[in-house]
Each structure stands twice: as C-alpha cells, then as structure tokens.
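The next block holds one structure in the form of structure tokens; read it before the comments.
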Number of protein chains: 2
Amino acid sequence: MSDTANTRPTLSAVAARAGVSASTASLVFSGSGPVAEATRERVLEAASALGYAGPNPTARSLRRGRTGIVGVVTEDRLGDAFRDPINLALLDGLGDELADEGLGLLVLPWSPGSRADLAAAPMDAAVLLGCSADLAGSVELLRRRRIPLIAIEAPPLDGVVPIDLDNADATRRGAELLRELGHERVALVTLPLDIDRLRAPLTPEREAEATAYTAMERIRGAREVFPDATGVSAGASTVAEGYVAGRALLDVPGDRPTAIIAQSDLLAVGAIRAAEELGLAVPTDLSVLGFDGARLDGITSHVLTTLAQPAVEKGRAAGRAVRASLVGEMPAGVALGAELRRGETVAPPRA
Amino acid sequence: MSDTANTRPTLSAVAARAGVSASTASLVFSGSGPVAEATRERVLEAASALGYAGPNPTARSLRRGRTGIVGVVTEDRLGDAFRDPINLALLDGLGDELADEGLGLLVLPWSPGSRADLAAAPMDAAVLLGCSADLAGSVELLRRRRIPLIAIEAPPLDGVVPIDLDNADATRRGAELLRELGHERVALVTLPLDIDRLRAPLTPEREAEATAYTAMERIRGAREVFPDATGVSAGASTVAEGYVAGRALLDVPGDRPTAIIAQSDLLAVGAIRAAEELGLAVPTDLSVLGFDGARLDGITSHVLTTLAQPAVEKGRAAGRAVRASLVGEMPAGVALGAELRRGETVAPPRA
DNA sequence: CGATTCGATCGAATCGATTCGACCCGCTTC
DNA sequence: GAAGCGGGTCGAATCGATTCGATCGAATCG
C-alpha cells in the first residue's frame, strides 16, 4: 500500500520490485516464454502490491503493431445507426465473431466534414456500414492508412472487401410475385437516397444523384419488373417515415397504386398504417411488400410479406473477413441472398 | 509512387525525405509550435508522396498518454444492449457530447468471465451502462487501471462518478397516482433482476439476491405506496416479454390486479397487448403505468401514462462527466429526475 | 567426463511518435 | 555595437511495453 505512488505503476516498476528484469516480467504477463514458477509468483505478488493492472494497452499495441480494435464506420449519430433492427442484427453477428478474437468495436459515426477521427482512431481494420454518402472519400482516407477495409453493401471499390446482398435480384423476385398476382400499378417507398435524406417523390434527377447504393439497387430490381414504377423516398427507415410516405402515395385523387414495394419492413409497417387509416384493407385493397425480415418486436400484428435477409450472417461474414484480413489473408468478398418470405400482406388486386 | 514501400511510412521517413528532423515534421502535423511556411509545405509534400496517412495513432497515444477512446461497458451482446430505446437515447447524448472532443466510443459487451477485454482495452475513461451483474468485480478491475469511471444508475461505488435517476421516487409518484385513482390491487412487471434474467414471479428470496439496481429501486418506490405489491420479473425490456408477463399476471383465476406498474414502456405495451387479448380494455378494466417515455416509433397506438426520463440528458451528463475527468477534475455526480407524464392508460378501477 | 541441450533470465534494440531544452540567426533597442 | 529577443530547427530523452539473441548454470547424453 505505502509504495503505491499516485502515478500508474509500470512493468519496470513491478520488475524492479520483484527483483527481475523487465523482460522477464513481461513474459509473466504475456505468457510467451518459460518462467520459473517461483519467479512468476514473485512478479505477480509485486504487481498486486503495486496495484499494477497489467501491461499498458497502448504500449503493447505500439510494440505489437495491433490494437485489437475494429472500427465500425456508421453514418450519423450513434443512436440513429442502431435504431435500425437490421443494423443491430448485423452488429450481433459482427460482435460475436470478433469477440472470440478479443477484438473490440470502436464506433465511428461519420459525417462529411468530421473525417478527422477516421484518420486518427486506432484500429486494425474497419467495417464500413451504410456509408451511403461520400464513401469514396472516407475509403481513400482509410486506404492510405493501409488497414483492411470491409464494406457492407457498397459499390465495388478497389482494395475493399465487399459483403454484399442481392438487393436488386431479391427485389425483382418480390416484384415478380406482385406481377404474377396481377398488380400493375406499383409504387416504391425507398430508403433515403443520400445524406440529405430528402423525403420526396422519386425523379430521374434525384435518382441520378443518389449515393445510397442499397436503395438504388433495390429500385433497379423493382424496375426490372415494373419499368415505370415510381414512388417516394423516405427520410429514414422508420415506421413514421413509412407512414408519411404511405400517405403521400395513397391519399391522392385518381388511381392509387394497388401495391407498394417498401425497402424496409419498418417502412412497410408505416405504409400499412397509412393505408388502414385511409380505410384501405391490407392486403385486399393494397398489397405491401417489405424488406429485411428482421425481428420487429411488437411493432405490428401483420405478418409481412418480405424479403428476408440474413442480417446476422452478414455481420458474421464481415467479422470473418476482418479476422482473415488480420492474419494477412485477402478474404474473398461474400454475396448473400435474401429470401422471399410469404406473409399476409400481399394478395391479388381488387378486381 | 516508386518509393512507396509496402510498409507503412513513418514520420521519420517523411522527415528524411523532406530534409528536416523528425521533430520538425511532428510539429507540422500536430500544429503545436512554429514552422516556417516553406518547411511545412515541403513536409506535406513529402508526406503525400510517400502516402503517409498522418501520425500513427498508437504511438501518439503512448507518448501523449491519451487514447481518445472512451469505453462503454454494456451487458450482453451488442445488439441487445442497443435494442432498448432508452440506451439508444443515452448513446445519442453521450456520443454528441464526446464527439466534440474527438473522443470515440469503444463498445465493450461484458459478460462475467470475459473480463479480459476490460483490462486490455485502450481507453481514457469508461462509462458503465446497465452492468447489473457483478458491477463490483468489473469496477475493481477498472479502478486498478486508474481511469475515470462513470456509472449510469448504479449503486454508490467508491471512486465512481454516478449519473443517477430517481427511480424509486419516480415510481412512488406513479404509484401514488394509481392509489389516488382508487387502485388497491397493483402488480409489478419488473426489468430483469440479474444476469440470469429469470422470467418468474417475484419472491423475497429472488429480490434478496437481485443485482439489478434500477429494477430494485423501482420496486422499492412502488412498495412505498403498495407495500404488498408483488408481480413478475421479465427476461428483458421488450414487448414480447411484457406480453408474457402480462399473461402471467392477468390470465389467472380469482382477483386480477386492477393496475400494472411496468418498469419500462416496452413492457407496458406488452402487458397492454396481453390484457386486450384477454378481453380487458385499457384503461377501463386495467390501468398500466410505464417507465421511460422514450420514442416508441410505431410500436403502439396507446398514449402511455409513463415516467418519462431524460435519457438523452443522462447521456450528455455522462459525457460531460467524462470530459471533466479527462481534464483532471473530479466531477460531481448527477441526479436526474423522471417526470410523470399522464397519458391514456390509467383510470380509476372499475367499480 | 566432455559435449550438448534446455530452461530461465537478462540486455538492448525497437515500435513511432512527442516534447523539452539548446542552439542558431537575424532584428530590434538602448 | 552589445545585449536582448523570438522565430525556426534540431538532438535526445521519453512514453511502456515486447522480443531477439546472448548468456549461464544445470541436467542429459554418449
């Protein structure tokens, strides 16, 4: 107790007190190398007497060239990124896979302008998650740091390992179902098209300038079946936004769409709510297709027809890619598929 | 291009190429100290020629004694901790407050046994978030590292800055409202009592062994008004768990409770759902009180009567405490209050 | 019994920066 | 013209560990 200085004890201090060299003390803590039992005990005793908490992580990282940290680059505020159940599922998978390796997740909310942190944050690898905007910019910055980069559902980028989802094809299959049922007037409710997250009708101009890869791929898939399909973009993947979008599409004079392709389940639920509020029954008066198939704890009583994606597996795949990169391999990209899950929200259009 | 070795360039390499000393090159990047404009340019030029991405964060951290990282110790899997809207709101506040300072959040899901990471993760401070179980153990470990510790709603701990909520008092006020309305048979749906998260009726034994501070405080507050109140503990703060708890409390022979005090809004929603499924109208046949007052995007159409807590502010307060600690101050703890928000889910009991 | 091996330990170099004090030089100031 | 000053640069120490190669005694082997 008495010799516990008010400064953090170092390994050398412990070694000195135990009467051994720093090298030997280091071996005791790192476990790499033979140490006599008696010595080990003396060192540990000295450590606990000094209140030594183990090797300084920073110093160890410097020497070893590994921080044990994986950055997760998300958009926005932390909370927003994690508000989406699909991201949460992904995090579950990612965390799982990395925890085994003792890797921690450093969350890097990233907005254009604040890129300083990306350059200065200690990490061994980075996972780019839904960086719809200016992905290229951040990638460039990170690439210079020569750390492995894994991107979730991003356009192909040199030197970046892609973890992909067949967004276009899955949406196409969903759209085909609608067409087979007889639908012709189909409207889209898309995810935000860019960081501005404008809540507005789709226009060729807006689509041309869109930066959100996932949203655009899903639009593309829908158009393969309904080439003229249009719709509105939501400001976020939430029920509230889906509701607003739903009102915009349904509360109009003239011919309403008979089906809505929503780009997330939350948006779908919102659209359904809007429909019901307008006196439209789902699926009798309106079919609604979702995307994600994530657990929507308590959010709705409808069993959505949706394109269920393997979100946890997406995270796991990313985690495995990170691990592979860290041992020097160049992991192959992964392409995952979503599966059309038939629920109770689509039906033939009313005659 | 040609002299870009396959190894990461260092500051010295840049300095050498620019024909200056490492010290001067360092000044260029850190900005602390005068550098002639011409020199600065030469250094930056050399840096970009070598593809230098800026000072190695780890080395910088070692020298400066600061990592720029704040650990957030949560329970469980990442996803679970973030599934609770109240934690998300807290993260928003915390992230906001820390981002200004350039601090990143390192997420440390912590389960008994895996405490290795807590010892080895580089961080300048740690925020303990809902560490119901074995808090003492992790605190001891972290305290040895001499880093500032901030705990959200935890029992008082030496050397740990508390960010508290008046859980007991708030619940008491909610309970008083119920009593004033005439309720006598009141049941509790509590948050998990410990890491086992047993979904089971409350018993004196279980309560005695409970480790979840928040849950116990809220129980205590309720008992100040209804000393004999009992109920069930949920396995998580979710609608599904609330539903199960609600069934357990309501689907019974004999006298049902006329009111339920749920320890979170999600649990309250679940309980309401259970009630309605049993043909009980809320609030006519059953009053339900929630806790949190967080945004429940699209989860329910009921306007909950609840104890709204300032979750974002809780995060901000934690963030401020972290910042204060980092400049050497010993921040005072903060005690926040929840406010009874009258919704449409409580009413006098049916006569 | 000499040679070899092995286990235990240590010294010194190293990881990649930051920072303090010294130094040089050109200018002002009395 | 000497002293003083301050901008600009550099050398060397330092942060706290890890790790490689060397050393040394004891045990094994032929």
Side-chain angles (χ1 to χ4, degrees), chain A residues 5 7-44 46-47 50-68 119-124 144-147, chain B residues 5 7-44 46-47 50-68 119-124 144-147:
Chain A
T7 170
R8 265 186 274 261
T10 71
L11 181 60
S12 314
V14 172
R17 179 170 171 124
V20 301
S21 75
S23 348
T24 302
S26 172
L27 294 181
V28 170
F29 288 101
S30 70
S32 51
V35 178
E37 189 50 31
T39 313
R40 147 178 271 99
E41 271 170 26
R42 237 170 342 116
V43 170
L44 291 178
L50 293 175
Y52 181 67
N56 177 315
T58 309
R60 178 202 288 256
S61 296
L62 175 58
R63 184 65 241 252
R64 295 233 240 233
R66 282 282 219 98
T67 63
M123 48 187 173
D124 298 334
R144 214 196 293 288
R145 289 186 57 180
R146 318 262 177 103
I147 58 179
Chain B
T7 168
R8 265 187 273 264
T10 71
L11 182 59
S12 314
V14 172
R17 179 171 171 122
V20 301
S21 74
S23 347
T24 302
S26 172
L27 293 181
V28 170
F29 289 102
S30 68
S32 53
V35 178
E37 189 50 31
T39 312
R40 145 177 274 100
E41 272 171 26
R42 235 168 345 114
V43 170
L44 292 178
L50 293 176
Y52 181 66
N56 178 316
T58 308
R60 180 201 286 257
S61 296
L62 175 58
R63 184 66 242 251
R64 293 220 173 137
R66 282 281 219 98
T67 63
M123 48 187 172
D124 297 334
R144 214 195 294 287
R145 288 186 58 181
R146 317 263 177 103
I147 60 179

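In the text below, chain A, chain B and the rest are named by the order of the sequence lines, each starting its count at 1.
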Between the two ends of the helix from C/dC1-D/dG30 to C/dC30-D/dG1, what is the bend in degrees, rounded to 10 degrees, where each end axis spans five pairs? 40°

Name the first nucleotide and the last nucleotide along DNA chain C (5' to 3') that come under 4.0 Å of a heavy atom in chain A. C/dA8 to C/dG16

May I ask you to list the residues of residues 36-44 of chain B, by number, that have any heavy atom positioned under 4.0 Å from an atom of DNA chain D? B/A36, B/T39

Mind checking what makes side chain to side chain donor-acceptor pair (under 3.5 Å) contact with A/T10, not counting sequence neighbours? none

Listing request: all side chain to side chain donor-acceptor pair (under 3.5 Å) pairs with a residue in residues 25-35 of chain A, at least two apart in sequence or in separate chains. A/S30-A/S32

Tell me every residue that passes side-chain contact (heavy atoms from CB on, under 4.5 Å) with [X], counting only those two or more places apart in sequence or in another chain.
X	value
B/R144	A/A53, B/E140
A/S23	A/S21
B/T67	A/T58, B/S61, B/I69, B/P122, B/D124

At under 4.0 Å between heavy atoms, what does [X] touch on the DNA or RNA strands: base, sugar-phosphate, or nothing?
X	answer
B/P34	base
A/S26	base
B/S23	base

Scan for ring pair (Phe, Tyr, Trp, His ring centres under 6.0 Å) pairs involving residues 7-27 of chain B, sequence neighbours excluded, and state none if there are none. none

